[in-house]
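First the proteins, then the strands, lettered A, B, ... as listed; each starts at 1.
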Number of protein chains: 2
Amino acid sequence: MNVAIVGASGAVGQEFMRVLAEQQFPITSLRLFGSARSAGRTYNFCGRDIVVEELTHEPDLFKDIDFAFVSAGAGVSKEFAADITRHGAVMIDNSSAFRMDADVPLVVPEVNGEDAFDAPRGIIANPNCTTIQMVVALNPIHKLSPIRRVHVATYQAASGAGASAMQELQEQYTSIANGTEVKVEKFAYQLVSNVIPHVDVFLDNDYTKEEMKMYNETKKIMHAPALDVSATCVRVPVMRAHSEAIWLETESPLEVAAVRKALEEAPGVVVVDNPADKQYPMPLHVAGSDPVYVGRLRRDITHPCGLTMWVVGDQIKKGAALNAVQIAQYMLAHPRK
Amino acid sequence: MNVAIVGASGAVGQEFMRVLAEQQFPITSLRLFGSARSAGRTYNFCGRDIVVEELTHEPDLFKDIDFAFVSAGAGVSKEFAADITRHGAVMIDNSSAFRMDADVPLVVPEVNGEDAFDAPRGIIANPNCTTIQMVVALNPIHKLSPIRRVHVATYQAASGAGASAMQELQEQYTSIANGTEVKVEKFAYQLVSNVIPHVDVFLDNDYTKEEMKMYNETKKIMHAPALDVSATCVRVPVMRAHSEAIWLETESPLEVAAVRKALEEAPGVVVVDNPADKQYPMPLHVAGSDPVYVGRLRRDITHPCGLTMWVVGDQIKKGAALNAVQIAQYMLAHPRK
């Protein structure tokens, strides 16, 4: 496969390279694209040095590309989608630009991999990180009995705001350790020793865009228009894995043991749930790992059809780069329908 | 009033002194008690140096005390309750020792101050910090229409684990800034750059004791046996204010504007809720403040009778020392029934 990465210098772009190597993705050639500022930088991929090319509207720039992994923000995705897909490349887009478009599938391979083949514009959207890890954990339960309602409180890492935001958090650790002034640029407020109930912009219904992504994207990925999600999305001083406290209600009451078994057997899920031995998923341990980790599974003691659980996933891997690469792997592994 | 503080060297004990001074509590004499290890230490209170006395079973140790503020753990409270109350002192106990005893009132003055007078054993229990700040925010809504269900995810500060835990978090900042080994003693795992879904011990139903305190104490304080709470309690790297993402269902649907008005008029509550100007409560700003702060108030888009909000309170102040002192103030301000 001839592969391109757009936004190669970003946190997700860098992770695309690591994931493609780790997954031994069948690469014939890899090309890297970025802004004029990034162009000319060199990155090593599997022993070869690759120079970042400037992303332009040159008509044949993506001529022989099979898969383009794109993570340079919604504006870049919108501006360059036609260029990227012109000659038949499959554009797997990490931005929010096309996610809710009716003619763009929104795919988490463990949940709706087959939707990837219904992409008339050549664009497949990678869902938002908080949604991806949630639906991987919800879907096995939804198959036992349809889920009707979800409440989710997130504990989101700095990585969701990009590589420079992670750097800012690291610098804030130094400032607070030394008692010097904490500099704030990337987040709305100081993040170290704080939590900020504000991710992405606020909308008219007083939810944030991040929170409404969890509402809208979950319905689309799970083909579940009746499944409603109310989210509160919160940034916490953690480097790169997101955590979620989730309550859900199913149509029929389920036994916790049956739910646990379904999760243990589900693709992409690892159950870490042994409170007696202090075993539950935490971002410190999950950072850098591929699966979605589920723990703290128990009854919702306020409702006969309720369950609650704690879900942790690496925001840059399954929340972004890994899921995108898995979409391409799914398409290569399954006969086109 | 002759006042005693038991556990004077702890985080809450120290805060008792600050709060008594700030509130200009009518003090004739203040005595400080502690373990053999703390005895002999001197603390300054309003210009006077007071030496910590050792807490013993000497029968007349609390002879002339009117109010004893006790925060030295459940074991100490149980062992010394009879000594403290023998001569008529009112024991306001910050531990979990007596909270669910039928003959011990559990009091948050804004919610059930009058219960303080029904204390046949001379003991009044101060609720758990996470419960206090939640019921202060729930009660004004409960008066508009009874609340039936609550889901709450907490973001709990280090202070809940005591002064030495706060010190450990500060040392962890230094370690992570310098890239040296992070030492862990007070928490189950490294707290810096992590979140830990585990506060207090695990119980048979796979909830933690902390989570079941929110279930049981809320019912008792609000006199609402039908109000069920499912909590997920999580420790976050924050120094001393707790945050809570709360969903609630009322018997009848309520208008958000009416709920906002009730909260704005409620004692002990400050509404900070102007997303357009990035105004919402955060632990960094709330640390050291008296009120309970409410923001992010909006509809629960999954239920016609649902609301969701974000509540932040200082764990050592309203979550512990301030609430205890307010109980004494309530008793002094109201005629005994």
By a 4.5 Å heavy-atom criterion (distance strictly below it), what part of [X] contacts chain A: side chain, backbone, both, or neither?
{"X": "B:Val229", "answer": "backbone"}
{"X": "B:Glu249", "answer": "side chain"}
{"X": "B:Leu297", "answer": "backbone"}
{"X": "B:Thr208", "answer": "both"}
{"X": "B:Thr308", "answer": "side chain"}
{"X": "B:Val195", "answer": "both"}
{"X": "B:Met212", "answer": "side chain"}
{"X": "B:Ala226", "answer": "neither"}
{"X": "B:Val150", "answer": "backbone"}
{"X": "B:Val312", "answer": "neither"}
{"X": "B:Glu211", "answer": "side chain"}

Leading residue by heavy atom contact count with chain B [cutoff under 4.5 Å; candidates [options]]:
{"options": "A:Ala188, A:Ala157, A:Ala245, A:Pro237", "value": "A:Pro237"}
{"options": "A:Lys278, A:His285, A:Arg299, A:Met239", "value": "A:Lys278"}
{"options": "A:Pro283, A:Ala276, A:Ala241", "value": "A:Pro283"}
{"options": "A:Pro197, A:Pro281, A:Ala158, A:Gly306", "value": "A:Pro197"}
{"options": "A:Leu227, A:Ile196, A:Val256", "value": "A:Ile196"}

Side-chain ion pair, [X] and [Y], N-O less than 4.0 Å:
{"X": "B:Glu15", "Y": "B:Arg240", "value": "yes"}
{"X": "A:Asp300", "Y": "B:Arg149", "value": "yes"}
{"X": "A:Glu168", "Y": "A:Lys183", "value": "no"}
{"X": "A:Arg296", "Y": "A:Asp273", "value": "no"}
{"X": "B:Lys220", "Y": "B:Glu217", "value": "no"}
{"X": "A:Glu264", "Y": "A:Arg260", "value": "no"}
{"X": "B:Lys317", "Y": "B:Asp290", "value": "yes"}

Just say parallel, tilted or perpendicular for the rings of B:Trp247 and A:His151, cut-offs at 30° and 60°. parallel
Scan side-chain atoms only and decide if B:Gln156 and B:Glu244 contain a donor-acceptor pair under the 3.5 Å cut-off.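 No donor-acceptor contact under 3.5 Å links the two side chains.
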Among [options], which has the most heavy-atom pairs under 4.5 Å with chain A?
{"options": "B:Val236, B:Thr174, B:Thr232, B:Val152", "value": "B:Thr232"}
{"options": "B:Ser243, B:Ser193, B:Ala177", "value": "B:Ser193"}
{"options": "B:Gln170, B:His303, B:Gln172, B:Glu171", "value": "B:His303"}

Is the NZ or CZ atom of B:Lys219 positioned over B:Tyr215's six-membered ring, under 6.0 angstrom from the centre and within 45° of the axis?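 Verdict for B:Tyr215: a cation-pi partner in B:Lys219.
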NZ or CZ of A:Lys209 within 45° of A:Tyr207 ring axis and under 6.0 Å: no
Which portion of A:Val201 sits near chain B, non-hydrogen atoms under 4.5 angstrom: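 Neither; nothing under 4.5 Å.
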Among A:Asn139, A:Val136, A:Val294, A:Val270, the one residue meeting side-chain contact (heavy atoms from CB on, under 4.5 Å) with A:Leu263: A:Val294
